[in-house]
Structure formats: C-alpha cells, structure tokens
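In the text below, chain A, chain B and the rest are named by the order of the sequence lines, each starting its count at 1.
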2 protein chains.
Amino acid sequence: MGKKPLVKDQIREKQDELTAAERRLTATLLDDSLVAGLQSITKLAESAEVSTPTIIRLARKLGYQGFPDLQDAIREEIAAQMKEPLAKLETAELSAGKDHIISRFAEAVSRNINRSLERLDLEEFDKAAALLSDLNRRLYLLGGRITRSNAHYFFNHLQIIRPGVTQLDFSPSVWPQSLLDMDENSTLIVFDIRRYEKELERLAKLVVDQGANIVLFTDQWGSPIERYATFCFRSMVEVPSSWDSTLAINFLIEALVAEIQSRSDSADRIAALEDMIGESRIFRSN
Amino acid sequence: MGKKPLVKDQIREKQDELTAAERRLTATLLDDSLVAGLQSITKLAESAEVSTPTIIRLARKLGYQGFPDLQDAIREEIAAQMKEPLAKLETAELSAGKDHIISRFAEAVSRNINRSLERLDLEEFDKAAALLSDLNRRLYLLGGRITRSNAHYFFNHLQIIRPGVTQLDFSPSVWPQSLLDMDENSTLIVFDIRRYEKELERLAKLVVDQGANIVLFTDQWGSPIERYATFCFRSMVEVPSSWDSTLAINFLIEALVAEIQSRSDSADRIAALEDMIGESRIFRSN
DNA sequence: AGTATTCTGTAGATATTATTACAGTACGAT
DNA sequence: ATCGTACTGTAATAATATCTACAGAATACT
C-alpha cells in the first residue's frame with residue numbers, strides 16, 4: 001500500500017485545474033482545515049455556495065469515488081492531526097500571515113515538540129527527576145556554545161530549589177577544579193547539540209570515569225556523549241532558520257523543574273530566598 | 001445564548017450513569033478525540049461494537065436531539081480545536097500518562113503559545129525585526145532574575161549574526177558604564193516578567209531619557225516598563241508549576257533570530273566565526 | 001455574432017442513514 | 001425460582017443524503 005497523499009495537498013496541487021465553483025468550495029474547505037468537509041454534502045454545498053454535484057465532481061477530480069470516500073480521507077487526516085499533541089499552525093494565521101516566519105516557525109516547533117514527546121519515555125523522565133531531586137547528590141551543569149543558555153536556565157531554577165548545584169564555567173580551562181569534586185555522588189547535566197563539541201565529550205568521559213552520572217540533553221541525532229549518559233533526552237531541533245531551536249529542550253527543562261520542585265519540598269527554601277531578595281532590593285532601591 | 005459545554009466534558013461528567021454498551025461507545029469516542037463520532041452512525045456503531053440505537057440513546061442522554069445534533073456539536077468542537085495553532089495535548093498521552101506532569105505541562109504550554117501568537121501583531125514583529133537588524137544601531141540586552149537566561153540566549157545568537165551587541169551585566173552596579181553609551185542610536189532589549197524588578201524599570205526610564213529605544217518582552221499582565229517601550233511583546237507564562245514558563249518568550253526570540261538572520265546577510269560573518277571556532281578547537285584539542 | 005466547449009445547477013432516482021417500536025436478554029431482588 | 005427492571009439489539013420505517021441525467025448559463029474561439 002502506497003502512502004496516501006494529504007487531501008489538503010491534493011487540493012493545493014490541483015488548484016490550477018479547478019473551476020470557479022470548485023475553487024469556492026476548496027476555499028471553504030481549506031479555510032476550515034477541511035473540517036467543513038465532514039458535514040453532509042448538502043450542508044457543505046450551502047456553506048460553500050455551490051451545488052452538490054460540484055462537490056462530487058471535485059471529489060472525483062481528486063481521485064475519490066464519491067463524496068463519502070473523500071469524507072473518509074478527510075476524517076482520517078483530521079484524526080491524525082488531532083492525535084498530535086501540538087497540531088500544525090498552517091491555517092491559523094489567516095490572510096497575510098500564511099508564509100510569515102512566525103507561521104512557519106510555529107509549525108516546525110509544533111512538530112519538534114510533538115516528536116520529542118512521542119519519543120519521551122515517561123518512566124525515564126520520572127527516574128531522571130528522582131535522580132536530580134536526590135539531595136545527597138551534587139549537581140553540575142554544563143552546556144555548549146549555544147546550549148549554555150539552556151544550562152544556565154536550568155541552573156538558575158535548580159539552584160533555588162535545592163542546594164549543591166554548580167554551574168561549570170563555559171571555558172574548559174577552569175573545569176579541572178570542579179572536576180576534582182565529581183565522584184559517584186555527583187550528577188553532571190550536560191547539553192550537547194550539533195555541532196557536538198569535543199571538549200564536552202572529553203569532560204563527559206573523565207566525569208564518568210570518576211563514577212559520576214550524566215544526564216544528557218541532545219538533539220534528534222544524538223551527541224557522542226550518549227554512550228556515557230545514564231539518562232538521555234533527545235529533542236528535535238530543526239526549524240526554518242539558520243539556527244537550531246532549543247524549544248523542545250526547554251520544554252523538558254521546565255517540566256523537570258516543575259517535577260523536581262514538587263518532589264523536593266522547597267517551600268522554606270524559596271521563602272527564605274524571597275526574603276533575601278526583598279531585603280537586598282530595599283537595600284538597593286533609593 | 002449560554003456557552004455550550006464541551007462534548008468531551010459532558011461525556012466524562014455523565015460517565016457514571018452510563019451503561020456498559022454506552023461506555024464502550026464513549027471509550028471509542030474519547031480514544032479518538034471524538035473524531036470517530038463524525039462517521040455515519042452505522043460505521044460508528046460497528047467500530048464501537050454497539051448497535052445504532054445505543055448511539056442515539058447516548059446522544060439523548062447527553063442532551064442532544066439525535067445523532068446528527070450530537071455530530072454537529074462534535075464537529076464544531078473539532079473545528080475550534082483545529083483553529084488553535086497548537087492544539088491541546090490531553091488525549092495524546094494515552095495509557096498511564098494522563099495526569100503526568102509532561103501531559104499537563106504540554107497542555108499549558110500549548111495554550112500559552114497559542115494565546116501569545118493570537119495576540120501577536122505580525123506587523124509589529126516585522127518592525128521590531130527591522131529595528132534589530134539595523135546595523136547602525138547598537139543593541140543592549142538585559143534580563144531579570146529568571147529571564148537573564150533568555151536574554152543570554154538572544155544575545156548569544158545576535159552577537160554572531162551582527163556587530164554592536166552588548167549584554168548588560170546582571171548586577172546593576174556595573175550598568176552605569178554601558179548606560180553612558182546608550183543614545184538615540186541604541187536599542188535596549190529587556191526582559192521583565194513577574195515579579196517585575198524595580199531596577200529594570202529605573203534603568204528603562206534612564207535609557208529612554210537618553211533617547212534610546214526599548215524592545216520589551218514581558219508576561220501577559222505586562223511589566224511597568226511597557227510605558228517606555230517602543231515594541232512590547234506579551235507572552236503567556238502560566239504553567240502547572242511553581243515557576244513561570246518562558247517558552248512562549250523563547251519562541252519569539254527564536255523566531256526573531258531567524259528573521260533578523262535572514263535580513264542581515266550574515267553568511268560571511270558566520271563563516272568567519274566558524275573558521276575561528278574550528279581553529280581554536282584544533283588549538284585546544286591535542 | 002455565432003458556435004463549440006466547458007461549467008454549473010435543478011430535479012428526480014437511488015442509496016444510505018437515522019430513528020422508532022418492539023422483543024429478547026441479563027441481572028438483581030424478593 | 002420468579003418477577004421486575006433495565007439494558008441491548010433486530011428489524012421495519014421515516015428521513016436524509018448521495019448521485020445521475022439533463023438542460024441552462026457562461027466562456028472561449030472562430
């Protein structure tokens with residue numbers, strides 16, 4: 001069985017060979033992500049302001065036997081879309097926005113988070129959260145050229161939630177100092193997406209040799225560090241940009257922060273911090 | 001007209017008063033985000049392995065006149081969901097995952113990005129992108145306690161794409177030095193979500209007084225800095241966590257990076273940078 | 001302008017679907 | 001065990017949808 005083409009695409013493709021009434025019809029359909037096509041042929045005819053035979057003729061032009069046949073295809077397509085955690089943008093940005101970067105970007109991001117979540121093993125997530133919540137373990141964070149921001153974001157939160165969290169400097173020259181401390185009671189959280197950085201891999205090896213665990217965040221292709229990692233989270237990163245998107249990675253970070261927070265009852269800790277911030281603010285303001 | 005309840009919720013609500021066959025039916029429906037309900041009553045009956053009258057009886061129990069009436073409701077509901085750029089997760093994580101943090105988080109994030117994009121004015125986005133692409137202007141970035149990571153992420157990319165980009169230190173004590181340079185040819189990109197930070201606001205005022213522009217990224221409620229900002233992007237940040245989610249903000253950052261990149265033809269610049277990185281890597285690796 | 005061609009809709013035939021009435025079945029209570 | 005109640009499906013009927021045939025309208029081409 002060959003893969004069926006999407007009705008949406010079929011319509012776009014044949015747009016040129018369509019007649020006026022048929023275009024009125026396809027406009028109504030596309031306007032609505034095809035949902036309008038799930039009504040009865042009569043109702044659809046009314047809302048598109050064409051006659052019912054026009055609808056049947058279109059269905060045949062697209063290669064279907066009749067209207068119910070087309071309807072089945074549409075229903076399947078919509079069902080497939082609904083299954084996705086985050087559906088494509090496509091029809092959302094109406095009028096001028098169709099080809100806007102925001103529109104294309106949203107579509108890609110949806111796909112990325114979708115696919116990333118599909119692959120995500122919830123048990124692994126929970127175990128990783130447990131590991132990172134363990135107050136007997138020290139945490140170290142490290143990112144690459146781009147992902148250092150993500151590492152920092154994670155660090156920023158972890159540091160507030162629990163003690164024993166250290167962010168490694170981006171410069172390898174100062175790593176050795178922290179490296180000394182990493183043992184079997186340590187966990188290194190490392191971010192490495194393409195282009196994978198040699199220095200990170202070398203550090204990972206050293207760290208594992210000293211008995212520490214590694215939690216890795218990488219892209220869909222997987223960093224070489226995977227072989228050293230106890231937990232590995234792959235996220236999709238491709239977007240219509242010269243740059244990769246770390247949004248799916250950020251999603252995981254934020255979800256982990258929420259989970260770790262709820263595991264380590266850190267209400268006291270945060271309250272204390274808030275106090276300190278409050279005081280220092282009073283101190284610094286006029 | 002009162003707002004109609006969602007079919008999905010109606011089903012869940014009445015779950016207790018449903019009979020065995022009816023439950024079989026609702027299981028089939030919910031399993032499929034209700035899409036199965038858009039088939040003919042006959043087909044639906046087959047796939048749920050109940051008789052057609054059972055379907056009608058369920059429709060009546062839910063308060064509809066008959067099957068077509070229920071179908072209309074379902075279609076509307078699905079149409080509404082399809083209109084959202086990013087649909088809710090809900091049904092996606094089947095099995096054990098329903099109440100998992102990942103599931104709830106994904107739903108919240110969908111809503112956040114959805115709403116944020118709905119509000120987003122594409123023209124404003126384009127104008128902001130143009131402003132940030134203007135090589136005659138210097139850019140300064142600054143974030144708050146949490147958002148400094150976002151600022152850093154943006155900085156990280158901007159710095160590669162174009163010259164004249166500076167990240168302000170998080171500590172207000174060293175601001176004055178950069179402040180001296182900010183004039184009508186400067187743009188300050190500032191991130192400020194709740195709890196809005198007084199220091200940022202004061203800086204914003206000073207900066208505007210000196211003639212610089214401000215591009216602000218804030219949350220749905222809006223930072224006090226809005227009054228000083230030339231461009232202001234509000235994003236939804238609430239998630240089931242003790243922390244706010246900056247994912248919608250990151251979305252904007254990444255989209256802006258893509259757009260700015262494509263405007264400022266920075267291929268040469270990046271190639272040069274890649275060279276430098278390559279060399280320094282060779283240098284550092286044995 | 002006239003003719004050929006294509007497009008589109010009307011109306012009725014056909015097929016399918018939704019509904020109803022009723023009967024059988026399962027199950028719990030007395 | 002028997003009765004009663006509630007559940008479920010079968011089969012016939014009513015309603016509706018789909019499709020076909022045909023004819024009028026629009027368009028393109030001499």
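A:Lys61 has its NZ atom 18 Å from the C1' atom of D:dC19, to the nearest Å. What separates CG of A:Leu25 from P of C:dC7 is a distance of 15 Å, to the nearest Å. For the pair B:Gln71 CD and C:dT17 C1', the interatomic distance rounds to 10 Å; values are reported in whole Å. Between B:Phe67 atom CZ and C:dT16 atom C1' the separation is 13 Å, expressed in whole Å. Straight-line distance from the CD1 atom of A:Ile56 to the C1' atom of D:dC22: 15 Å, rounded to whole Å. Between A:Gln65 atom CD and C:dA15 atom P there is a gap of 15 Å when expressed in whole angstrom units. The distance from atom CD1 of B:Ile55 to atom P of D:dC7 is 17 Å, rounded to the nearest whole Å. As a whole-Å value, the separation of A:Lys43 NZ from D:dT18 C1' is 14 Å.
Listed candidates were C:dG9, D:dC19, D:dT8. Nearest to the side chain of B:Thr19 is D:dT8. Here the nucleotide nearest the side chain of B:Ile41, chosen from C:dA18, C:dT8, C:dT19, is C:dA18. Side-chain proximity of B:Arg24 to the nucleotides D:dG9, D:dC7, C:dT17 is greatest for D:dG9. Nearest to the side-chain atoms of B:Val50 among the listed nucleotides D:dG9, D:dC19, C:dT19 stands D:dG9. Comparing C:dA18, C:dG9, D:dA17 by their closest approach to the side chain of A:Ala21 singles out C:dG9. For A:Pro53, counting side-chain heavy atoms from C-beta on, the closest listed nucleotide (D:dT18, D:dA11, D:dT20) is D:dT20. Listed nucleotides C:dA18, D:dT8, C:dG9 differ in distance to A:Ser51; the shortest reach to its side chain belongs to C:dG9.
More than 12 heavy atoms of other residues, nucleotides or ligands sit less than 6.0 Å from atom CD of A:Gln15.
One finds no salt bridge joining A:Arg234 and A:Asp219 here, because no Lys/Arg side-chain nitrogen approaches an Asp/Glu carboxylate oxygen to under 4.0 Å. For the pair A:Arg111 and A:Glu238, the salt-bridge criterion is not met [side-chain N within less than 4.0 Å of a carboxylate O].
At a cut-off of 3.5 Å, with distance as the only test, no side-chain donor of B:Glu226 or B:Ser223 sits close to an acceptor on the other residue. Looking only at atom types and distance, the side chain of B:Glu107 has no donor-acceptor partner in the side chain of B:Ser110 under 3.5 Å away.
Phosphate contact (OP1/OP2 of C:dG9, side-chain N/O of A:Thr54, threshold under 4.0 Å): present. At the phosphate of D:dT18, neither OP1 nor OP2 sits under 4.0 Å from any side-chain N or O atom of A:Arg57.
Summary of the strand contacts: B:Ala20 and B:Thr52 both lie near DNA chain D, and taking for each the nucleotide with the nearest heavy atom, the more 5' one is attributed to B:Ala20.
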